[in-house]
Structures are given as structure tokens and as C-alpha cells.
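Report on the structure given below.
Hydrogens, waters and symmetry mates play no part in the numbers below; they use all other heavy atoms, side chains included. Both counts, for ligands and for their atoms, begin at 1 and track the order of listing.
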Amino acid sequence: MKSIKKYIPFLICFVFISTQILAQKNENNFIDSLMGKMTLEEKIGQLNLAVINNGVLTGTAISTGVDQKIKAGQAGGVFGTWDIDQIKKLQGLAVQGSRLHIPLLFGLDVIHGHQTIFPVPLALSCSWDTSLVKAVARTAAIEASADGINWVYSPMVDISRDARWGRDVEGAGEDPFLGAQMAKAMVEGYQGNNLMANNTVMACVKHFALYGAAMAGRDYTGVDMGRQEMYQYYFPPYKAAVDAGAGSVMASFNDVNGLPSAANKWLLTDVLRKQWGFKGFVVSDYGAINELTTRGLGDAQTIAALALNAGNDMEMVGDNYLGTLKKSVASGLVTMQTLDAACRRILEAKYKLGLFEDPYKYINVQRAKTEELTKSHLEQARKTAERTFVLLKNKNQRLPLKRKGTIAVIGPLADSKINMPGAWSVADDYHNSVTVLEGIQAALKNKATVLYQKGANITDDSLLKLRVNSFKEEITTDKRTPQQMITDAVKIARKSDVIIAVVGEAADMSGESASRTDIGIPHSQLNLLKALHKTGKPIVAVLFNGRPLTLNWENDHCDAILDTWFGGFEAGNAIADVLFGKYNPSGKITMSFPRNVGQIPIFYNERRTGRPFDENKDASKYKSDYLDVSNTPLFPFGYGLSYTNFSYGKIELSKTRLKADETLNASVKITNTGKYAGEEVVQLYITDPVARTTRSVEDLRGFKKIFLQPGESKDVTFSITPEDLKYYDYDLKYDWDAGDFIIKIGTNSRDTQSATVIWNK
Ligand code: BGC
């Protein structure tokens with residue numbers, strides 16, 4: 001009996017592998033046989049992704065004659081609709097109306113929730129909590145699939161070091177290690193364990209690659225970057241998403257060293273497929289194939305062939321593939337083999353989603369009614385939001401506030417439902433969101449008096465207003481003059497014990513095509529804050545923002561600053577929970593906050609300079625610094641306060657001399673020395689003082705979130721192996737060097753303790 005038991009794991013393994021092989025064989029046979037029946041036109045048809053007009057159209061290109069195209073087998077997928085009846089109708093056209101009955105993919109930008117809107121991705125990353133983020137993606141997948149969607153254009157994993165870029169809001173910030181963890185969590189959340197299930201959806205990792213390094217932070221510009229930099233700092237999140245099994249990848253709009261991603265064979269084939277082993281399909285971004293012509297790469301036929309040959313399988317919005325690939329096959333510009341490979345990848349995705357088995361599996365009107373915007377999803381949205389807020393300042397423990405006295409809630413974002421969800425929430429009904437004022441009123445009931453004034457328009461700049469309002473009216477202009485609004489606000493401030501000023505960006509002041517060069521709070525609101533400050537009443541600033549802001553005046557004059565990003569439908573309740581101490585904030589920023597725009601790009605893991613500037617000692621010339629501003633950010637990467645205090649003990653090392661095959665355990669005792677229970681994100685950084693190339697000042701290599709009661713201590717241990725010491729050298733060799741390493745553990749990238757080890761090979 002005992003001896004049989006020994007073989008059970010092998011048996012299970014054998015059965016598992018055989019099932020996998022068999023499933024793969026069935027898939028191959030099915031697709032071989034289907035492709036055997038397809039005409040060249042039908043194969044090209046699968047490479048076309050049409051947009052339906054009720055989505056967010058992010059370019060001038062649109063799709064025409066979609067119904068006819070579907071019936072003629074000229075569309076592989078459709079995106080932009082989440083209307084289940086429409087999806088059912090379109091799937092019917094494909095399955096019943098087209099010659100080979102091939103089902104469609106239905107895609108959508110499900111970025112931070114579908115019907116239930118969660119905090120924006122940048123906020124989610126500030127939780128440093130991968131299970132929380134995975135759970136958000138899981139819920140988004142349940143809701144989106146209940147509306148007939150089987151493919152989501154998320155996660156967006158572009159590293160960004162530039163606060164001017166509007167799309168910071170969609171990513172996880174500046175760090176590749178944290179970005180990779182977030183990317184993996186999201187893919188796992190969307191795709192679940194079984195892509196065939198009717199409540200999982202295929203993820204689309206975007207935007208491959210380097211979109212976040214857009215020149216000057218201006219959307220859609222090109223990127224020139226050395227490969228070492230790409231591999232070391234920008235690629236890890238894309239790779240992590242691919243390793244997690246993401247079914248598709250979206251090529252980015254930008255050039256990469258002079259060749260746009262959609263036409264970049266090195267990127268889409270050599271790196272993605274050959275080096276990383278990606279097996280899914282690549283889709284272009286919106287109209288990006290058309291834009292190859294705009295960028296000067298040639299006419300429709302040339303650019304379509306260029307993109308397909310580079311490894312861009314599907315064209316999103318545009319008829320270049322449909323219109324020219326047949327000719328290109330005939331003339332030899334594209335081989336049949338390349339075209340077949342692209343078509344096969346799209347059919348494989350449909351197979352993996354189970355669409356050939358049941359094309360209507362995601363279309364269930366009952367689910368659409370019962371699985372969206374549920375009580376538990378809203379509860380999850382509230383709990384999630386609380387964990388994403390970052391307390392940037394809390395002078396004299398001004399927060400949490402007592403539930404008593406008179407509280408003035410002031411600001412153009414205090415009671416603005418339309419601005420709660422944040423950018424890229426295409427399927428939301430923003431009326432479902434709870435504003436800050438509503439959240440505070442509900443939290444206080446009759447315990448305190450709440451007074452409210454708008455105080456200012458989000459901006460008085462008419463051009464900014466016009467551009468931000470192009471989809472919906474997020475910025476309204478009050479009938480009163482700006483001065484009158486301020487006077488009215490000051491009046492209630494004087495009657496109050498404390499002012500809660502809800503200020504910042506309108507939702508679409510960040511997001512796609514929302515780059516800014518002045519990243520401060522708009523002047524109208526700063527004027528309001530200055531007037532409120534003159535009353536002498538304490539000010540708690542609650543910020544709405546999709547990117548780091550410059551906050552010098554606010555930091556100097558407000559008593560507390562709580563950064564709440566765009567917290568989604570339940571943000572109002574979640575903000576009240578934090579302001580009145582029901583939840584102790586634990587978020588930490590994942591992008592450095594600059595002191596001024598001139599410091600950008602500013603990020604913690606920059607490479608060492610030969611002339612470092614010591615902020616505390618140096619006044620000398622010829623150092624790497626600015627004459628007019630410090631080198632440091634206002635708030636460093638990883639920074640965020642709590643209502644309690646955490647003290648860090650000395651780093652204890654399991655060894656100080658190690659060999660190549662050994663693991664180092666680095667521990668630290670953390671004690672909650674304050675009065676509140678709370679969570680702390682303990683961060684591990686490593687510095688490599690001597691290497692083959694210039695290394696970063698430090699790199700994040702681990703983090704753990706712990707919960708401590710007042711007075712409680714916990715030992716936090718990080719296990720470090722040589723894998724954590726590796727880097728890409730000048731020749732792109734990924735390895736580590738023997739020698740000293742400085743292990744740093746702390747509460748943010750600036751405030752750490754350190755200990756040195758020697759690691760031999
Ligand atoms: C964006 C993508 C998005 C696509 C489809 C583009 O403009 O860059 O992130 O997925 O539109 O809406």
C-alpha cells in the first residue's frame with residue numbers, strides 16, 4: 001500500500017500532462033480543420049477588429065458596415081459595446097449569418113471595474129496588496145462577462161516616471177518590481193483558473209511597449225531608449241503578465257527607437273514571442289495601423305504588410321488588413337504562412353474561451369441582471385478604496401477627526417458624482433457613485449453639523465474646460481463669480497471647527513490624451529484654499545488626482561492631506577471611513593511626487609551619477625543638482641503615513657557572508673508605537689555598490705503588508721537569493737556580480753535602515 005502511495009503524485013502529474021496534451025491535440029485538430037475550410041478572405045477577416053459606436057472612440061478612425069462585415073466573415077471581433085442585446089444580435093450574425101459560423105470576440109476597456117467602479121489602477125497599486133487587486137480584477141471579469149464581454153483591454157502595465165503623462169492613472173507607477181506583481185495579479189484575476197468558464201475573460205496586456213516613456217510626457221510621442229534600460233526598468237511588468245498567461249497583448253501607439261510598436265518586429269516577434277514565449281495574439285491599438293501612414297511609413301498596403309510581418313495579428317479599427325492583405329499575399333509581400341499564423345492565433349483564443357463550444361456562453365440576460373452592481377461588489381469597492389488612499393501629511397495628528405462640532409465641506413469635487421469614477425470607466429453610470437459630502441453626511445448622521453459650499457469651479461480656464469468636457473460635463477461653471485463663490489465658502493468656514501477641502505483634478509484631467517505641463521491644483525481651487533487658510537481654521541485637503549501633483553503650497557499650509565486619487569463609486573463612504581478613523585490609512589505612493597515640473601522625470605531608482613549631490617551638506621558647484629530646487633521629490637516613492645507610528649528595529653541578517661546557492665534572510669522587528677491599530681507596507685530595497693554597469697541607487701526587491709495592534713510587534717523576514725541581485729548589463733547579459741550588497745528595509749524608498757553582506761559566486 002505504502003509503495004503505491006509513493007507513485008500517486010507521479011500518477012496525478014501523468015494524468016494532468018496527458019489531459020493537457022490531448023486537449024492541445026483536439027484544439028489543433030479543430031483549428032486545422034476549420035482553417036482548411038477558410039478562404040483567404042475569411043482568414044484576413046479574422047484579423048479585423050471593428051468598433052461599435054457606443055463605446056469611447058479614442059481616435060478619428062471608425063468602423064463602417066459592421067453588420068455586413070460580420071456576415072461576410074470580415075470581422076474577428078467587435079469592441080465598444082456592453083449592451084447584451086446588441087452583443088447577442090452581433091454574435092448571431094456571425095454564428096448564424098456567416099458561412100463558417102465563427103464566433104466573435106467581444107472586447108471592452110474594463111480598466112477598474114465594469115459596472116461597479118473601483119479605484120483607478122494607479123490608486124490600486126498604492127495599496128501594495130496583490131490579493132486586493134486580483135479580487136478587483138475578478139469582480140470586474142464577473143460583471144463584464146455578465147454583459148457579454150469575453151476580452152478586456154487590461155492590465156495597463158506601462159511604467160511611467162513622468163507625472164505630466166495623463167495615463168499614469170491607468171498603470172501601477174514607476175517601479176518595475178511592484179508593476180510586475182500588479183500585472184500578474186490582474187491577469188490572474190481576469191482569467192481565473194479556467195478561461196473556459198463563463199465568468200472569466202481574456203486579458204490584454206498593454207501597451208507593448210514603453211508607452212509610459214512618451215517624450216515630454218505628451219501622449220502618442222515616440223520613445224528612444226537603450227535596450228538595457230528597457231529590459232531593466234520597463235519590460236518586467238509586460239513579461240510578468242505574459243508569464244501569468246495573458247491571452248493577448250496590445251501593441252502601443254508609440255515609436256520604439258524609430259519604429260512604431262505595431263510595425264516593430266524586434267519587439268513583437270523577437271522579444272515577445274521568441275524570448276518570452278508568448279503564445280497568444282497581438283492586437284494593434286485604436287487606429288494605430290492607419291497611423292503608420294501618418295507617421296510616414298507608406299501607403300495602406302505597405303503598412304499593413306509591415307505590421308503583419310512584424311507580428312501584429314489583429315488590426316483594431318481600420319481597413320488596411322481587410323483592404324490590402326490579399327494583394328500582398330499575391331505579390332509575395334506577405335507569406336501565406338505569416339497570415340495563417342496570425343489567423344490561427346485568433347482562432348486559438350476563441351477556442352480557449354470556449355466560444356466554439358458555445359458562442360453564447362457569455363450572453364445570459366439573467367446574469368446581467370443579478371451579477372452586476374451587487375451589494376457585495378459595492379462593499380468590496382468601499383473596502384478597496386479605503387486601502388488605496390495615501391495620507392501625505394498629518395500635522396499634530398489632525399486626522400482622524402472627531403464626529404462632533406461643525407464641519408465645513410468645501411470644494412468643487414466635494415459633491416460631484418460625475419467626477420467620482422475617474423478616467424476610463426466606460427460602462428459606468430456615475431449616478432451610482434457616493435460623493436464625499438454624501439459619505440460624510442452618512443458617517444456623521446446627527447452627531448455633527450455639516451456645512452457645504454462649492455467654493456470654486458474646478459477650473460476657470462475655458463480652454464481646459466472645453467477639452468476636459470469633450471465627453472461629459474465634468475467641469476461646470478457656477479452662476480456666481482469666482483470671488484462670490486470664495487466669499488460664500490469663507491463664510492461657512494468661519495462658522496466651522498475644521499474645513500475638509502475636496503480639491504484636485506476633474507476625472508478627465510488625467511487619462512488618455514490628458515497630458516499636463518502644470519500639474520498643480522488648478523488656480524481657481526488654489527485661490528480658494530488660500531482664502532480658506534486665511535480664516536485660521538484647520539484645513540484637511542482631500543485630493544482627487546490621477547497622477548502625482550505638485551503640492552508645495554498645500555504641503556506648507558494644510559494641516560492634513562489625504563490623497564484619494566479617483567476612488568470609484570464608493571469613494572465617498574471610504575473617504576469618510578478614513579477621515580473619521582473607521583479605517584486607518586495604509587496606502588503608499590507608487591510614483592514620486594515632484595516639487596516642480598522641472599524635476600521630471602523624477603523616480604527613486606535612477607542610476608548613480610559620478611557627481612552625487614548631498615542634500616544635507618553640499619553647497620558646492622559641479623554636482624548633479626539644480627540651482628533652484630532640491631533633487632529630492634516632495635514625497636518619495638513608497639511614502640505614506642498612518643494614524644499610528646511604526647518603529648523599525650535593526651536589520652538582523654541570517655548571514656553576512658554567503659555563497660551562490662545560499663539564501664539570505666533579512667529580518668526586522670516592526671512595532672506599532674502609536675494609539676491606533678494599522679497596516680504598514682514594509683519595503684525591501686537592494687543596492688549593488690560595485691557592478692559591471694552603472695546600477696540604480698537602489699531597487700525595490702520585496703514588500704510585505706502587515707497589520708499591528710497598538711503596542712504589538714512583528715518580525716518581518718525577507719528571503720533573498722541571487723535571483724534578486726541580477727541585472728541586465730551593457731551586453732544585456734542578465735546576471736549578478738559577487739561582492740558587497742546593501743540590504744535596506746524601511747517604510748519608504750527614502751527612510752530605510754541598511755546592513756551589508758558579502759555574496760560570493
Ligand atoms: C487606448 C487603449 C484602448 C483602446 C480601445 C486606445 O485609444 O490607447 O488603451 O484599449 O483605445 O478603446
Could you list which atoms of ligand 1 come closer than 4.0 Å to a heavy atom of [X]?
{"X": "D109", "result": "3 (C), 5 (C), 10 (O), 12 (O)"}
{"X": "D285", "result": "1 (C), 2 (C), 3 (C), 4 (C), 6 (C), 7 (O), 8 (O), 11 (O)"}
{"X": "H207", "result": "2 (C), 8 (O), 9 (O)"}
{"X": "Y153", "result": "10 (O)"}
{"X": "Y286", "result": "6 (C), 7 (O), 11 (O)"}
{"X": "K206", "result": "2 (C), 3 (C), 9 (O), 10 (O)"}
{"X": "W424", "result": "12 (O)"}

Is the closest heavy-atom distance from R167 to ligand 1 below 4.0 Å? yes
M250: heavy atom below 4.0 Å from ligand 1, yes or no? yes
Going by the angle between their ring planes, with limits at 30° and 60°, are F637 and W128 parallel, tilted or perpendicular? tilted
For the residue pair Y351 and F356, does the interplanar ring angle fall in the parallel (under 30°), tilted (30 to 60°) or perpendicular (over 60°) class? tilted
Which of Y233, Y234, F235 passes ring pair (Phe, Tyr, Trp, His ring centres under 6.0 Å) with Y231? Answer is F235
In terms of heavy-atom contacts, does NZ of K350 have more than 12 from other residues, nucleotides or ligands at under 6.0 Å? yes
Verify whether the ring centers belonging to W165 and Y211 lie closer than 6.0 Å. yes
Looking only at non-hydrogen atoms, find the nearest pair between A262 and I289 and report the distance. CB-CD1, 4.0 Å
Side chains of V201 and S145: does their closest heavy-atom pair fall under 4.5 Å? yes
Proximity to ligand 1 by part of E512, non-hydrogen separation under 4.0 Å: side chain
